[in-house]
Amino acid sequence: MSVSLHHPIDDFTATATHGDSADPASVRLSDFSGKQLVIYFYPKDSTPGCTTEGLDFAALHDQFSAANTVILGVSRDTLKRHQNFKAKQQFPFELISDPDETLCKAFDVIKLKKLYGKEHLGIERSTFLIDSEGKLAQEWRKVKVKGHAEEVLAAAQQLADQS
């Protein structure tokens, strides 16, 4: 599975925060049929940039909902860590745990990164807007957090107006 603009995204199943760690819940792309979907990939729960990004999306959640758009955040963190992060920040959307990098690889967001002079593979902050028919409508790679959620909202609203 690999994604490309204006093409359907293959259905996927992933573990998300609306269950509990003893009985985790799955989400599928097909669960959102008829709705637009924002999937944003971020490096790590509870870090400054990732917290800010999540809070920015959360602040606009009602406007995304009004544009028939569901938000999902994805990182490699464990479900338990996601549940704690979501609860602490009061995110009104689900977080997907992708420890085996299935979604990360499908969306090609695992990149070689440098931190303190050392190279490692990590998630490149990226966001994808999927239309109500399951096609990739727009993508943002190498995202800078400031103003990003607003830019994605504008694209989601425009796409909803075209439907």
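What you see is a predicted model; the values in this text were computed from it and never measured.
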Exercise for the section: Keeping to residues at least two apart or across chains, list the ring pair (Phe, Tyr, Trp, His ring centres under 6.0 Å) pairs with something in residues 121-140. Expected result: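 Every pair satisfying ring pair (Phe, Tyr, Trp, His ring centres under 6.0 Å) with a residue in residues 121-140: Phe41-Phe128, Phe107-Phe128, Trp140-His148.
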
Exercise for the section: Return each pair, listed once, that meets ring pair (Phe, Tyr, Trp, His ring centres under 6.0 Å) where at least one residue sits in residues 64-88; pairs must be two or more places apart or across chains. Expected result: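 Listed once each, the pairs are Phe57-Phe64, Phe85-Phe91.
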
Exercise for the section: Using side chain to side chain donor-acceptor pair (under 3.5 Å) as the criterion, point out the one residue from Lys35, Gln157, Gln36 that pairs with Thr69. Expected result: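 It is Gln36; the other options fail the test.
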
Does the pair [X]/[Y] count as a salt bridge with the N-to-O cut at 4.0 Å?
| X | Y | result |
| --- | --- | --- |
| Glu124 | Lys113 | no |
| Asp77 | Lys80 | no |
| Glu101 | Arg76 | yes |

Are [X] and [Y] grouped together when hydrophobic residues (ILVMFWY) are joined by side-chain heavy atoms under 4.5 angstrom apart?
| X | Y | result |
| --- | --- | --- |
| Ile96 | Ile71 | no |
| Val70 | Leu136 | yes |
| Val3 | Val109 | yes |

Exercise for the section: Drop me the distance from Arg141's CZ to Asp108's CG, to the nearest 0.5 angstrom. Expected result: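 Answer rounded to 0.5 Å: 5.5 Å.
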
Exercise for the section: Report, as yes or no, whether the 6.0 Å neighbourhood of atom NZ on Lys111 holds more than 12 heavy atoms from other residues, nucleotides or ligands. Expected result: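 Enclosed.
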
Handout entry: Side chain Asp11, main chain Ser30, donor-acceptor under 3.5 Å
Key =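 It does hold such a pair.
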
Problem - His61 side chain vs Ala59 backbone, donor-acceptor pair below 3.5 Å - result: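 Between the backbone of Ala59 and the side chain of His61 there is no qualifying donor-acceptor contact (under 3.5 Å).
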
Practice task
Would you sort out whether Asp56 and Val145 count as a side-chain contact (heavy atoms from CB on, under 4.5 Å), showing the intermediate values?
Solution key: CA-CA 9 Å; Asp56 288 351; Val145 173; 3.9 Å; yes

Exercise for the section: Carefully, step by step, assess Glu94 and Thr17 under the rule side-chain hydrogen bond (donor to acceptor under 3.5 Å, both in side chains). Expected result: CA-CA 6 Å; Glu94 304 306 328; Thr17 51; 2.6 Å; yes

Exercise for the section: Apply side-chain hydrogen bond (donor to acceptor under 3.5 Å, both in side chains) to Ser97 and list each qualifying residue two or more places apart in sequence or on a separate chain. Expected result: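 Ser97 satisfies side-chain hydrogen bond (donor to acceptor under 3.5 Å, both in side chains) with no residue once adjacent residues are dropped.
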
